[in-house]
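Being a predicted model, the structure only gives us computed values, none of them experimental.
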Amino acid sequence: MKYKSQKVAYWFFALCMLLFSLQIVYGFIMGFDRIGIQGLHEIIPFNTARAVHTNLLVVWLLTGFMGAAYYIIPEEAQTELISVKWAYVQLISLAIVGVVAIVGFHFNHWEGRKFLEIPRELDYLVVVNVLLFLGLILGTLFKGKRQTTTALILTMGLFFAALLYIPGMIWFDSQVMDSFFRWWVVHLWVEGVWELIMGGILSFLLIKLTGVDREVIEKWLYVIVGLTFLSGVLGTGHHYYYIGVNKIWLVVGGIFSALEPLAFLAMALFAVNMYRKGEKSHPNKIALFWTIGSAIVSFVGAGLLGFAHTLPQTNLYTHGTLVTAMHGHYAFWGAYAMIVLAIISYALPNLTGRKRYESAQGMAAFWLANVGMLGMTVAFGVAGVAQVYMERKMKMDFMDVQNEISIHFVVLLICATMFTTGIGLFIYDFVKYGRPTDEALEVDNQNL
């Protein structure tokens, strides 16, 4: 590492790994519920497990994004963070918000709005926490010796992610209005501003891992930003038709959702092109695998599967079924989870001074996690298509259909076990790296 304050990132990554582990645990609880093993049902009913599982996903990814920013921004701005102390305060308050929210869900203390379940009082704490984070990042960026496109795109994504949280806090008596603005958060995060965050992290990693000139890599970012805003904003319309908004949104949403794969295709081409043009062979192959893998898998999961699922003619049948879960799992894994694991894989050797990136465990983690997630995606897809046919065409009762497709969740749990083994190996490697040290700073600076 080049700056001592970058050590803050390590503790965000550590919290990130803890929350990710918990998310997997709750995923298994739901999986066992689906095949009739419901020993925990009285303590943790399915709706509670689902709320915890999805909210942990959001929180651990945001924690990873914040850790990435604390690592990347000082290096890009060529200066220390303006306040390490306040960065730790922000980390602790973020952890408190997460713990209180999860505990509250088990006592039915929530708003009940899908994906935005945390109670209103915690919403305000989230806003304060994110404002503190943005203050530290923006302060560091503008105090620095340079403002790069990579840093500005990353910061812009984080800033708009915070801004778009506000519509989800507005209370409406109308269910239609409430759902309308709720999608501003849910959709415009994952298919809008989070793509900017991904693009910023991807750009930083490719600059470091391939040796391709910064100017060449950052030009691609402008293309990605343009495609993201063109497709993501109006693509939100594919949700609107189902909440009672004018039918024109089904057409608008369908057209612009069809364009969304272009942004992810641009990212995939961008990553592979830069890798092939690379002027150096970076020794950290694990970080390179996660980086290139993120770009390719996000194109398949978010781009192609999203396109297939959100076309109006298809979405009329698949909306709200397990086909959504198929798209959601592979899209989140490729676009956001893998890029967080990529920046962790790149940063850990630099933070700790321990070059463990040639470990067999690290490469096994990559392949087991990816094969396991692909298997889970296929299981969701097959179950979803069967569900669509039986519910929407044969008009069978919802619960009867769930019984019929439960066998697919046995397959899903087998694949989830493979996935969990991979993530377990990744976390094992994380722990083996140990804590960041000042010696790593001295070694890195000697090599500059």
Side-chain angles (χ1 to χ4, degrees), residues 9-27 50-72 90-91 94-95 97-99 101-102 114-118 122 126 129-130 133-134 137 153-165 168 185-202 204-205 228 232 264 267 290-291 293-295 297-298 301-302 325 327-347 369-370 373 419 423 426-427 430:
Y10 174 87
W11 300 105
F12 277 83
F13 294 150
L15 176 61
C16 175
M17 291 294 94
L18 175 61
L19 296 175
F20 189 15
S21 302
L22 282 173
Q23 189 209 2
I24 292 172
V25 169
Y26 280 87
R50 187 208 59 79
V52 175
H53 183 71
T54 53
N55 280 270
L56 277 172
L57 170 67
V58 174
V59 177
W60 86 255
L61 287 176
L62 283 175
T63 305
F65 293 157
M66 289 172 176
Y70 281 129
Y71 184 87
I72 293 170
Q90 190 249 319
L91 171 65
L94 180 67
V97 168
V99 169
I102 291 168
K114 195 174 181 182
F115 305 123
L116 298 175
E117 285 95 344
I118 70 170
L122 287 182
V126 169
N129 183 275
V130 173
F133 166 71
L134 286 174
I137 293 301
I153 293 295
L154 174 59
T155 305
M156 185 168 75
L158 292 163
F159 175 78
F160 281 117
L163 192 64
L164 283 168
Y165 189 75
V185 185
V186 178
H187 180 98
L188 289 178
W189 262 13
V190 301
E191 296 179 57
V193 295
W194 278 22
E195 289 179 38
L196 303 185
I197 298 170
M198 179 196 176
I201 299 172
L202 189 63
F204 175 82
L205 287 169
T228 296
F264 288 101
M267 282 192 192
W290 283 111
T291 302
S294 173
V297 174
S298 66
H327 161 54
H329 276 75
Y330 213 50
F332 269 102
W333 171 246
Y336 306 123
M338 287 182 73
I339 202 66
V340 169
L341 299 181
I343 188 64
I344 292 174
S345 297
Y346 174 77
N370 274 286
M373 179 55 73
F419 172 80
I423 299 304
F426 187 94
I427 293 171
F430 183 95

Check whether [X] reaches the backbone of [Y] with its side chain - one donor and one acceptor, N or O, closer than 3.5 Å.
X      : Y      : result
Thr54  : Arg50  : yes
Tyr330 : Ala325 : no
His327 : Gly301 : yes

What's the separation between atom [atom1] in [X] and atom [atom2] in [Y], rounded to the nearest 0.5 Å?
X      : Y      : atom1 : atom2 : value
Asn55  : Leu19  : CG    : CG    : 11.5 Å
Gln23  : Ile423 : CD    : CD1   : 10.0 Å
Cys16  : Leu94  : SG    : CG    : 10.5 Å
Leu196 : Ile201 : CG    : CD1   : 11.0 Å
Phe204 : Ile153 : CZ    : CD1   : 15.5 Å
Leu163 : Leu134 : CG    : CG    : 10.0 Å

Decide yes or no for [X] and [Y]: does some side-chain heavy atom of the first lie under 4.5 Å from some side-chain heavy atom of the second?
X      : Y      : value
Tyr336 : Glu195 : yes
Thr291 : Ile343 : no
Leu154 : Ile197 : yes
Met17  : Ile344 : yes
Asn370 : Val297 : yes
Tyr10  : Tyr71  : no

- Query: Does the side chain to side chain contact (heavy atoms under 4.5 Å, CB included) test come out yes or no for Asn129 and Met66, once each step is laid out?
  - Reply: CA-CA 11 Å; Asn129 183 275; Met66 289 172 176; 4.1 Å; yes
Minimum heavy-atom separation for [X] to [Y], with atom names?
X      : Y      : value
Ala68  : Phe13  : N-CE2, 3.6 Å
Ala335 : Ser294 : O-OG, 4.0 Å
Ala101 : Ile118 : CB-CG2, 3.9 Å
His53  : His329 : NE2-NE2, 4.3 Å
Leu205 : Ala342 : CD1-CB, 3.7 Å
Leu91  : Trp11  : CD2-CB, 3.6 Å

In terms of the angle between their ring planes, are Phe20 and Trp333 parallel, tilted or perpendicular, with boundaries placed at 30° and 60°?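 Ring orientation of Phe20 relative to Trp333: tilted.
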Discussion item. Val185 vs Leu164, test: side chain to side chain contact (heavy atoms under 4.5 Å, CB included). Steps then yes/no.
Written reply: CA-CA 6 Å; Val185 185; Leu164 283 168; 5.6 Å; no
* Asked: Can the ring centroids of Phe159 and Phe133 be said to lie less than 6.0 angstrom from one another?
  ->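 No; Phe133 has its ring centre 6.0 Å or more from that of Phe159.
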Worksheet item: Under 6.0 Å between the ring centres of Phe65 and Trp194?
Response: yes
- Go through the steps for Val130 and Tyr165 under the test side chain to side chain contact (heavy atoms under 4.5 Å, CB included), then give the verdict. CA-CA 10 Å; Val130 173; Tyr165 189 75; over 6 Å; no
Practice item. For Tyr70 and Gln90, run side chain to side chain donor-acceptor pair (under 3.5 Å): C-alpha distance rounded to whole Å, both residues' side-chain angles, the deciding distance at 0.1 Å, then the answer. Key: CA-CA 12 Å; Tyr70 281 129; Gln90 190 249 319; 2.7 Å; yes
